[in-house]
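When a residue number appears, it is its place in the shown sequence, counting from 1. The structure presented is a predicted model; accordingly, all values stated were derived computationally and were not measured.
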Amino acid sequence: MTSFSAAKVLILVGLFIPFESYISYLSGVEGVVAIAIKLAPELLIFLTLAIGLVLPRSIRLQRSPIDAHLLLLAFIALCSTLIYADSYVAALNNLRALFRFVAVFYLVYYFGFTIQSWKRFLSLIVVVIVVNVVFSMAQFALGDSYPEMLKVGQKVRVALENVYEVQQIVKEEKIGAVQGLLEAPGVFGLFLIAAIVFLLCYILTKAVRPNSIMMVLLFFTIASSFFTYSKTAFVLAALTVAVFFYQYSRRMRSFLTASSVLFLFCGFLAFSFISAAVEHRSAKKEEVSAVDNLMNLFSPQYWDHFFQAERGWVLKEVGGQIVSELPIFGYSPDQEAVKNIIASSSDGRLAKLLYYTAFEDVYWVALLAYFGVFGLVIFLVMLYRLYREGRFLLVIARECGDKERMVLAAGFLTLLVMSLPYCFFERALEINIFSYYFWFFAGLVCRHSQILRKSRSVDSGLNSCSRRLHFE
């Protein structure tokens, strides 16, 4: 298994994932075949990694920055599953869904992915982004006239209706929301966060000055997130650009910090003065404009509903109940068993959790329930370890004048930072369209930081020798 063949697999899967739902729909298959198409990317990644590890003359395995964290999480999951899980199969399947693309990290870390392959991937993923943005803009412009054959979401729901995981992803859609060629507006919104990072990486890697066409594409990508009717996706998409340049350019940090403070202050003033005049209108129940949907953020009724019946309820009530119990090692990754334990310990106060299909959307609460306090701390420490690797690569690449690696590091740091707030509203690190690119970026950053670290130690040794020889 050469690094070149591994790179080809990684690029192929990275380009396939945004189209997997549409390919499944166009093929007209259902049941087992539809499930096989959905599982194909992760199966191919695991198969490639397995072949690479068992081939003769294979690479020498090196310790990665997150090995210990993953082993501890696996041990915690195993122990809690043996104690609490009603179904070992359900627990293992959910554990697979939580960490399905960690194999991407190891495939990149062990077999490498050169800067040339990275630049080639950026060029190809831009084409994928263009296709999805064009379809989303067409969906917005045509409205009800949008061709029926391009409406993927409902078709995927029917084709995979018996797959538990997909039922969690595809929820009740908002009227008028766009979704590109993906199965749901929320999933499309997640993809657009990664798409914005890829576009910024492409713009800064390929050209000395930003290309006007690429800037237009960036604008329409952010606009697409606005028309998904996902308030989280749009707000974080707009912030993604600021976070990227905050990481990439030291000169812009003061400006971006001041702008962010001013933005928050203006938002607070707007909420104070216009909240009484804003009426909460749900896009799931009636047709509303994208602007009116966003204005719901200033409606007290929206926030009341959010904390009584939506993710805010999971965060406040369910999260509060778990914290009061303080499970050190969690209740196992078996979601149904976890729901039953939490509902029974609340004396019926949280009984509706048993029928709540979006429990994992508040990802941090779900991780706390699955892995306990100890497991959640380990998971966060693992993310911090990855953040440190990204910062190391960024600093060293800046010192060396290595623009490609600077952009790579800034892209990963941006994706990592944006995933933290997103996981309060969506299981971003679990859904294919975001999880794959996250672990792909993480593997690239750790691999190239390791290369620069070794290069730096060699240079340091040579300089030390030259100084010693000069002294002698």
Please answer whether the main-chain N or O of [Y] pairs with a side-chain N or O of [X] as donor and acceptor at a distance below 3.5 Å.
| X | Y | answer |
| --- | --- | --- |
| Asn94 | Asp334 | no |
| Asp67 | Arg63 | no |
| Gln179 | Leu182 | yes |
| Arg311 | Phe425 | yes |
| Ser435 | Asn432 | no |
| His448 | Ala409 | no |
| Thr81 | Ala85 | no |

Would you mind reporting whether [Y] and [X] have side-chain heavy atoms less than 4.5 Å apart?
| X | Y | result |
| --- | --- | --- |
| Gln450 | Glu389 | no |
| Leu386 | Val445 | no |
| Pro327 | Ile322 | yes |
| Phe101 | Glu42 | yes |
| Ile125 | Tyr202 | no |
| Phe244 | Leu239 | no |
| Tyr370 | Glu360 | yes |
| Leu82 | Cys79 | no |

Hey, could you give me the [atom1]/[atom2] distance between [X] and [Y], rounded to the nearest 0.5 Å?
| X | Y | atom1 | atom2 | value |
| --- | --- | --- | --- | --- |
| Ser225 | Leu190 | OG | CG | 11.5 Å |
| Leu98 | Glu430 | CG | CD | 4.5 Å |
| Ser332 | Tyr84 | OG | OH | 9.5 Å |
| Ser346 | Glu325 | OG | CD | 9.0 Å |
| Ile66 | Trp439 | CD1 | CH2 | 4.5 Å |
| Trp364 | Phe424 | CH2 | CZ | 7.5 Å |

Subject >> Worked verdict on Leu415 versus Phe434 for side chain to side chain contact (heavy atoms under 4.5 Å, CB included) >> reply: CA-CA 9 Å; Leu415 211 60; Phe434 191 89; 3.8 Å; yes
Please name the pair of heavy atoms, one in [X] and one in [Y], separated by the smallest distance, quoted to 0.1 Å.
| X | Y | answer |
| --- | --- | --- |
| Pro333 | Ser80 | CD-OG, 4.2 Å |
| Met137 | Ser224 | CE-OG, 3.4 Å |
| Gln321 | Leu350 | CB-CD1, 3.7 Å |
| Ala233 | Thr228 | CB-OG1, 4.1 Å |
| Gly180 | Ser136 | N-CB, 4.0 Å |
| Cys446 | Phe105 | SG-CE1, 3.7 Å |

**OP:** With side chain to side chain contact (heavy atoms under 4.5 Å, CB included) as the test, would you mind laying out the steps for Tyr109 and Leu444 before giving the verdict?
**Re:** CA-CA 7 Å; Tyr109 189 76; Leu444 279 170; over 6 Å; no
What about [X] and [Y], are their ring centers closer than 6.0 Å?
| X | Y | result |
| --- | --- | --- |
| Tyr437 | Phe198 | yes |
| Phe234 | Phe227 | no |
| Phe412 | Phe438 | yes |
| Phe440 | Phe121 | yes |

Subject >> Derivation of the side chain to side chain contact (heavy atoms under 4.5 Å, CB included) call for Asn132 and Thr221 >> reply: CA-CA 9 Å; Asn132 273 278; Thr221 304; over 6 Å; no
Original post:
Relative to each other, are the rings of Phe245 and Tyr248 parallel, tilted or perpendicular (30° and 60° limits)?
Top reply: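 Aromatic pair Phe245/Tyr248 classed perpendicular.
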**OP:** On the 0 to 90° scale, with breaks at 30° and 60°, tag the Phe329-Phe374 ring pair as parallel, tilted or perpendicular.
**Re:**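 Because their plane-to-plane angle is over 60°, the rings of Phe329 and Phe374 count as perpendicular.
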**OP:** Please check if atom CZ in Arg388 has more than 12 non-hydrogen atoms from other residues, nucleotides or ligands closer than 6.0 Å.
**Re:**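 Open: at most 12 neighbouring heavy atoms sit under 6.0 Å from CZ of Arg388.
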Original post:
Around atom NZ of Lys316, are there more than 12 heavy atoms of other residues, nucleotides or ligands at under 6.0 Å?
Top reply: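 Not buried by this count: 12 neighbours or fewer within 6.0 Å.
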**OP:** May I have the step-by-step check of side chain to side chain contact (heavy atoms under 4.5 Å, CB included) for Ile129 and Phe220, ending in yes or no?
**Re:** CA-CA 10 Å; Ile129 294 168; Phe220 278 108; over 6 Å; no
**OP:** Dump the intermediate steps for ring pair (Phe, Tyr, Trp, His ring centres under 6.0 Å) on Phe441 and Trp118, then the final yes or no.
**Re:** CA-CA 10 Å; Phe441 256 116; Trp118 163 244; 5.3 Å; yes
